[in-house]
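Proteins get letters first, then strands, A, B, ... in listed order; numbering begins at 1 in each.
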Amino acid sequence: MELAKQYDPSEAEKRHYEYWESNGLFSPEVNGDRNAPKYSIVIPPPNVTGSLHMGHALQHTIMDVLTRRKRMLGFRTLFLPGIDHAGISTQKMVTDQLWKEEKKTPQDIGREEFTKRVWEWKAKYGGTILQQMRREGVSVDWSRERFTMEESLSKAVTSVFVALYEEGSIYRGARIVNWCPKDKTVLSDLEVEDKAKKDGKLYYLRYPVKGTERHLTVATTRPETMLGDTAVAVNPEDIRFSDLVGATVELPLTGREIPVIADDYVDMEFGTGAVKITPAHDPNDYEIGLRHDLPQLNVMNDDATMNADAGADFEGLDRFKARELVVEKFEELGLLEKIDDYEMVLPVCERCKTIVETLISEQWWVKMAGMRDLALDLKRKEDLPKFTPHNPHTKVYTDWLENLRDWTISRQLWWGHQIPAWYDGEGNVFVARSFEEAAEMAGTEDLTQDEDVLDTWFSSWLWSFSTLGWTKPGDLTEDMEEYHPTDVLVTARDIIFLWVSRMVMSALKFVGERPFDDVYITGTVLASDGQRMSKTKGNGIDPLDVFDKYGVDATRMALAGSSTGMDFAWRDERVESFRNFANKIWNATRFCLMNSEGATVDPESILSPDSIADRWIVSRLNRTALKVNEALERYAFHEAVQLLYHFFWDDFCDWYIELSKDEITSGDAGSRTRILTVLEQSLRLLHAFMPYLTEELWQKLPGTGDALHHPAYAGKPASISLAGFPVGDRGFVDDRAEDEMGLVIDLISKVRNIRSEMRISPSVRIPLHVAADGSTAEALGSNSAQIVKLARVTDLVLASELDVPKASAKAVLSDGTEIAVPLEGLIDFEKERERLSSQIGKLEEEGEKLGAQLANRNFVERAPEEKVSAVRERVGEIEIQLKALKENLQALD
RNA sequence: GGGCAUAUAACUCAAUUGGUAGAGUGCUUCCCUUACAAGGAAGAGGCUGGAGGUUCGAGUCCUUCUAUGCCCA
């Protein structure tokens, strides 16, 4: 069989995913072993509006590596995919489209029609990211794909709402909230982000004190809110104002009179020390208002224009226009003291970046204290999910829990789970699982359902179990029993609070167990400039472009290989190196296949390796497998990638193929079989990371098929994804073979060094003399043909003593074995002197360091025995080598 | 303001419980040796951000400073 000279990923990527998916290889049911242990992961659901970005690619790669390995180990493996309905962004998207295409607003077509349009939109565009995930090669079970708005998950949402309401954990109340005037909905604290505003202003406004000639000056960043002021506050300790506490201020522009109050909250250092209090439009003022029983005067509409209570001059004005007008009028009245420049931080809507308004609004809330305590109990029992990397996530997570506040769950949207609360004509509320149930409770069908929907997170916090068929407390579906709790959650730092902690609380509350054992928090993929990727900066990198350019497998290797849990800057060069690696694997396989006649993959063939090279590669293979498995068990993806890269490229390609090349090309069936088998094992190890390339090549190797499957997948469609994952066997780790092979490699490298330094053309063959006895002579002698070939020497002269002319280049192997290349006529004495001197210099430097250590009695007495003897051993080696090198140098004179 | 993290070769990053600092890319020199030039061979390149301290021994532990990033308020 002849392969192309270069690997073309695009072709393999098309074919194999289709094969895997249509044969259901990623469904846990493919596992025929009823007693197999399970392994389950639920995907963090991307937004239905979303498309694949680097963060997804990273997380999905990690999850897929974990899943594929476990599947190959024979676990009943479930990797469950799905998306969430992303209330705000989806509604926005469809609203925009409606306006663009029909010049209509959602209100124009009504709720029912609008919701229909969203479903149509979802059917048409909502699957984008799911298709992109197929391209990534993720081995998810598509037969279990979930969507937060589908019937079963909606039932779960409703039943959880009702259960919490019935126990008194959900209530409705007017409180100060974050309000997005553009999306016209309330936002939870977590959906608001801070944005620095460097060119902000601090306005100093004078309020006349009633019955005096005095003014009280307040400093504010938001003059327009003064229209809703209901007090001025000062610190009770502040002697500047102590006589004014209890006085009345005439609030300009409004004709209202408001009191001067004293409250600890006021910072004497800030501004003037006097603070205007607007309980209806500032969270801190709201609290102060409650403490002092102040009226809450709402002066704004839901679109952040001023309302009638702001006064006739201001009604209808946008908040920023109103600000200008307020300042103007203060100026006219001579009440504007000054305006300072002021750097500040503004709260903005996480989605549309509009400046968030704080106002008082009637919303639904969840009391979190009870569930929070359940989660903190886990901490006490030291049974929290295990975070990787451990720090600082565990602490951040528990700190946050301890300061948890109630959660606003209603949203003023039409797209989402409509709140299951109905009102009768008198305003009584009935919370029920359905209209029928509510009607029965109310004794009338004359009910209207609450207009609002629930926060999207109110459905995704149930994701770990709602996706497994759970619809109500007590539900124990087959999938729940089998796959919950899941094994690991892989996600990004930014949703530890929004999602991870809430999932823990909901699972504890409703299922009575943790939703997952481990949490792996990935680092952030930064742009190549080290900055965060962002649309506005235009420095983002589209994973699909990278797939096209370098192939999916190379991209996955680059991502997994960078996944230490730290953030890392994206570098195309790194992916390129893995594309080259993929090509290396391709060509190594190409070589084996070109010489595969009469041979077939046969695991038995490497069970009793005979030659040093065979014992060595089998040892390296098993050692690598052991380490890769160990690394993956502790989520050290980058270590696993490094191990595989170096095993395959250095050990297998650079040495094993080269050492066995003659035997292979001359048709030795045994050698051919062994190399095919080692290759096949390597492909299996690589499969979790590079699924397409390995499947492509595995299918081409002679002797592969379902017979190589893990026993749990006997008789299933042949795929490397069902083959056993090599776990490695300590019995095959052969230190002696590795030492002996190390000598051969050292010898060849030293000769190559001589050639290179002496500038001997590769076409010129040179003689090689080696002084060795015993096992060294045996190891080198049994590989003499390979040494001759790889060091390009005429022949290898092995004797117990060197017998070479003065004009020879010499070197010493790590065990002290002396080697010499007689180079009559070729050798440049000056160069050889330099070469030897530089090597002597290096060894002397190392020897001095180590010698100093040994001279230190404290080291010898206090350091562990094995450390000391290791240093002694190394010093011994150095001494032997130095002696020989120095003699060689002298011999040149 | 509080908390956390990071600072290692030109670049991007590694370094198990403290025990002679590694990789990939880039760079230099040589080679199209029929698996692979997306390749092969040989090299150069680091007082591990600064300053103290603990220790026989510190990239690793402690203190402090500087710079950057993230989270919370």
TODO: Have a look at A/Glu658 and say if it touches a base, only the backbone sugar-phosphate, or nothing, with a 4.0 Å heavy-atom cut-off.
DONE: base

Open item on the list: Which nucleotide, if any, forms a Watson-Crick or G-U wobble pair with B/U20, using both distances under 3.5 Å?
Closed with: none

- [ ] Could you tell me whether A/Arg765 and A/Asp795 make a salt bridge, using a distance below 4.0 angstrom between a side-chain N and a carboxylate O?
- [x] no

- [ ] Report yes if at least one side-chain N or O of A/Lys661 is closer than 4.0 Å to OP1 or OP2 of B/A35; otherwise report no.
- [x] yes

TODO: Measure from CD1 on A/Ile521 to C1' on B/C4 and round the result to the nearest Å.
DONE: 14 Å

Task: For B/A5, the Watson-Crick or wobble counterpart (both distances under 3.5 Å) - done: B/U68

- [ ] May I ask you to verify if any side-chain N or O of A/Lys584 is less than 4.0 angstrom from the OP1 or OP2 atom of B/G40?
- [x] yes

TODO: Decide if the gap between the ring center of A/Phe689 and the ring center of A/Phe578 is smaller than 6.0 angstrom.
DONE: no

Open item on the list: Is the phosphate of B/G39 approached by A/Asn583 (side-chain N or O, under 4.0 Å from OP1 or OP2)?
Closed with: no

Task: Spacing between A/Arg493 atom CZ and B/U6 atom C1', to the nearest angstrom - done: 11 Å

Open item on the list: Can you measure A/Met758 atom CE to B/A42 atom P for me and round it to whole angstrom units?
Closed with: 16 Å

Task: A/Asp518 versus A/Tyr635, side-chain donor and acceptor atoms under 3.5 Å - done: yes

TODO: Please state the C1' separation for the pair B/G40 and B/G46 - nearest whole angstrom.
DONE: 28 Å

Task: Per A/Pro762 side chain, nearest of listed nucleotides B/C30, B/A38, B/C71 - done: B/C30

